[in-house]
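A note on names: the letters A, B, ... follow the listed sequences, proteins ahead of strands, and every chain is numbered from 1.
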Amino acid sequence: MTTVALIDCNNYYVSCERAFDASLNGVPVVVASNNDGCAIARSSEAKALGVKMGDPIHLIRDRLNKHGVVVRSSNYTLYGDMQRRVVAAVEEFASEVEIYSIDETFLDLEPFADRDLVDHANAMRDQVRRWTTIPTCVGIAPTKTLAKLANAAAKKNPLFDGVADLRDPVLRSWVLDRFPAGDVWGVGRATATKLAEIGITTAGQIRDMQMKQARGLGTVVLERLVAELQGVAASAVEVIEPQRRGMAVTRSFGTPVHDIETLMGAVAQYAMRAGEKLRQHGLVAGQLSVFFHTNRFKAGAGQYQGARRMALHPMTADSLELLAAARRGVEAAWRDGYAYTKAGIMLDDLVAAELRPRTLFEGDVERRDRLMTALDEVNGRFGKFTAVPAAQGFRRDWKMRAENRSPAWTTRIDEVPTVRAD
DNA sequence: TCTGGGGTCCTAGGACCC
DNA sequence: TCTGGGGTCCTAGGACCC
């Protein structure tokens with residue numbers, strides 16, 4: 001038997017915004033996705049007003065205004081930096097820590113299993129609060145899937161007061177019988193529908209499925225899920241970050257793009273950013289895909305999706321090589337006469353830079369490496385886009401909207417909060 | 001005017017091989 | 001006229017996650 005906990009930050013992006021702006025406390029707050037498109041985080045007050053995850057901001061604008069909901073553009077630099085602090089606050093409470101997402105961390109609590117784990121979890125929550133101000137909930141159970149479920153129960157049911165320890169089988173069954181099948185981690189819309197067709201609507205019923213039935217209805221994924229709900233771990237708390245398989249830089253445009261030069265400018269910026277990400281992770285890529293498409297939500301408008309995949313040999317993390325490949329892809333896939341609203345670059349076949357296969361005719365790789373290092377340093381020190389290739393252009397009409405972005409409170413010296421005594 | 005941006009894993013089916 | 005029985009690898013697409 002293992003003992004797993006999941007600690008999850010409440011309304012994470014909103015809580016990060018509130019950490020540096022007390023005026024947001026007690027009022028409804030929504031954090032919008034890139035381009036100020038959708039609601040991706042909501043304070044409890046905003047949830048109470050009926051704002052749903054993924055609601056398009058422009059469709060609910062009136063309601064937001066009427067209730068005085070504060071809308072913040074997303075500030076991922078801030079959220080990423082705050083995550084580091086949360087993880088640091090949590091580490092001493094577990095033997096192993098797996099960062100699962102920007103606001104969730106799995107903990108191996110096996111060595112602490114004979115303590116009162118509710119007390120243990122509350123001490124951990126206090127520490128996170130003190131270090132970051134961020135409120136959290138904790139779920140404890142024998143497997144990760146059950147810990148996820150326990151966490152959801154801790155959040156939803158006031159009875160638990162923020163910490164649900166479901167190691168006790170009787171309590172666990174009680175919760176599972178009342179937990180909607182579609183809310184179980186790993187059960188999405190398609191699977192929920194299939195389950196409902198055979199009368200399965202609770203987590204308890206999924207747990208009681210025959211393995212063969214689970215396999216037949218879904219795939220091995222559902223089979224594993226049944227095992228996890230039965231308390232048999234199908235996945236462990238993983239400390240080591242797995243090798244990444246792919247990487248992407250994609251953005252919607254603030255205004256539609258009609259000409260290839262402007263599109264190239266956007267794609268050039270994404271290529272530069274993709275190279276930077278590769279180098280940060282010490283990786284090289286073997287394949288680059290570029291795509292661009294029209295607004296699929298717009299009925300009646302001409303629709304087109306352009307995409308090309310280019311092999312990169314030698315494998316590379318050189319932004320200028322990525323840029324050249326992306327340009328060739330755009331040229332090949334371009335079609336006049338459409339209003340493009342989104343483009344992106346995806347990298348595949350990722351390999352650690354030091355394991356990169358060598359080829360003949362590579363050119364002066366070291367010199368280019370030094371150029372890229374210099375580029376990263378300049379842009380790191382003086383801000384993004386200080387040094388850019390001419391192809392990126394100087395006008396960025398297409399750039400995304402972020403009208404209510406909070407400052408980089410914790411990561412840029414010129415934007416740290418100041419306190420005045422007057 | 002207007003709907004995010006990342007990721008992972010699994011399966012089916014085609015191409016190709018002996 | 002006859003037309004096996006395995007393999008592997010790759011890709012596209014679906015489903016799911018935050």
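Nucleic acid contact for A/Gly246: sugar-phosphate only, since backbone atoms but no base atoms lie under 4.0 Å from a heavy atom of the residue. At a threshold of 4.0 angstrom between heavy atoms, the contacts of A/Arg273 with the nucleic acid are absent. Residue contacts for A/Val31: at a heavy-atom cut-off of 4.0 Å it reaches no nucleic acid atom on any strand shown. Within 4.0 Å (heavy atoms only), A/Thr255 reaches no atom of the nucleic acid at all.
In this structure a side-chain-to-backbone donor-acceptor pair under 3.5 Å is missing from A/Asn10 to A/Ile134. In this structure, the side chain of A/Arg72 does not engage the main chain of A/Tyr13 through any donor-acceptor pair within 3.5 Å. Side chain of A/Thr294 to main chain of A/Tyr340: no donor-acceptor pair is present (N/O by atom type, distance under 3.5 Å, no hydrogens or angles). Of the possible donor and acceptor atoms, none in the side chain of A/Glu223 sits under 3.5 Å from a partner among the backbone N and O of A/Ala214.
Per the geometry, CG belonging to A/Leu283 stands 11 Å off P belonging to B/dG7, to the nearest Å. Between A/Met53 atom CE and B/dG5 atom C1' there is a gap of 12 Å when expressed in whole angstrom units. For A/Leu149 and C/dC17, the CG to P distance is 13 Å, given to the nearest whole Å. Distance A/Tyr13 OH to B/dG4 P: 15 Å, rounded to the nearest Å. As a whole-Å value, the separation of A/Ile57 CD1 from B/dC2 P is 15 Å. Regarding A/Lys144, its NZ atom lies at a distance of 14 Å from the C1' atom of C/dC18, rounded to whole Å. When rounded to the nearest whole Å, the span between CG of A/Asn404 and C1' of B/dG4 equals 16 Å. Going from atom CG of A/Asp36 over to atom C1' of B/dG4 covers 11 Å, rounded to whole Å.
A salt bridge links A/Lys148 and A/Glu104; the closest N-O separation between the charged side-chain nitrogens and carboxylate oxygens is under 4.0 Å. Between A/Arg129 and A/Asp126 there is no salt bridge, since no side-chain N of the basic residue sits under 4.0 Å from a carboxylate O of the acidic one. Salt-bridge check for A/Arg18 with A/Glu45: passed, with a basic side-chain N closer than 4.0 Å to an acidic carboxylate O. Between A/Arg273 and A/Glu276, at least one side-chain nitrogen of the basic residue sits less than 4.0 Å from a carboxylate oxygen of the acidic one, meeting the salt-bridge criterion.
Contact check, A/Ser252 against B/dG5: a side-chain N or O comes under 4.0 Å of OP1 or OP2. Close to B/dT3, at under 4.0 Å from its OP1 or OP2, lies no side-chain N or O of A/Lys52. Look at A/Arg189 and you won't find any side-chain N or O under 4.0 angstrom from OP1 or OP2 of C/dG14. Contact check, A/Lys298 against B/dT1: no side-chain N or O comes under 4.0 Å of OP1 or OP2. Taking side-chain N and O atoms only, A/Ser33 has no distance below 4.0 Å to OP1 or OP2 of B/dG5. Side-chain N/O atoms of A/Arg61 include none lying less than 4.0 angstrom from OP1 or OP2 on B/dT3. Within the structure, a side-chain polar atom (N or O) of A/Lys148 is placed less than 4.0 Å from OP1 or OP2 of C/dC18. When the side-chain nitrogen and oxygen atoms of A/Arg309 are compared with OP1 and OP2 of C/dT11, one or more of them lie within a distance under 4.0 Å. Using a 4.0 Å cut-off, no side-chain N or O of A/Arg296 falls inside it from OP1 or OP2 of B/dT3. Here A/Thr219 does not reach the OP1 or OP2 of C/dA15: none of its side-chain N or O atoms lies under 4.0 Å away. Using a 4.0 Å cut-off, some side-chain N or O of A/Asn295 falls inside it from OP1 or OP2 of B/dT3.
Checking B/dC10, B/dG5, B/dT3 against the side-chain heavy atoms of A/Cys38 singles out B/dT3 as nearest. Here the nucleotide nearest the side chain of A/Arg224, chosen from B/dG6, B/dC10, C/dC18, is B/dC10. Between C/dC18, B/dG5, B/dT3, one nucleotide has an atom nearer to the side chain of A/His58 than all others, and that is B/dT3. Each of C/dC16, B/dG7, B/dG4 was ranked by its minimum atom distance to the side chain of A/Arg244; first place goes to B/dG7. Checking B/dT8, C/dA15, B/dG5 against every side-chain atom of A/Thr191, the shortest atom distance belongs to C/dA15. For A/Tyr76, counting side-chain heavy atoms from C-beta on, the closest listed nucleotide (B/dG4, B/dC9, C/dC18) is B/dG4. Comparing B/dG4, B/dT3, B/dG7 by their closest approach to the side chain of A/Pro56 singles out B/dT3. In the set B/dT11, C/dC16, B/dT8, the nucleotide with an atom closest to the side chain of A/Val220 is B/dT11.
The pairing partner recorded for C/dC18 is B/dG5, the criterion being a Watson-Crick or G-U wobble arrangement whose two distances lie under 3.5 angstrom.
Both A/Pro256 and A/Ala248 sit near DNA chain B, but only A/Pro256 has its closest nucleotide nearer the 5' end. Toward the 5' end of DNA chain B, the nearer of the two residues A/Gly54 and A/Arg215, judged by each one's closest nucleotide, is A/Gly54.
Spacing of P atoms, C/dC18 relative to B/dT3, comes out at 25 Å, to the nearest Å.
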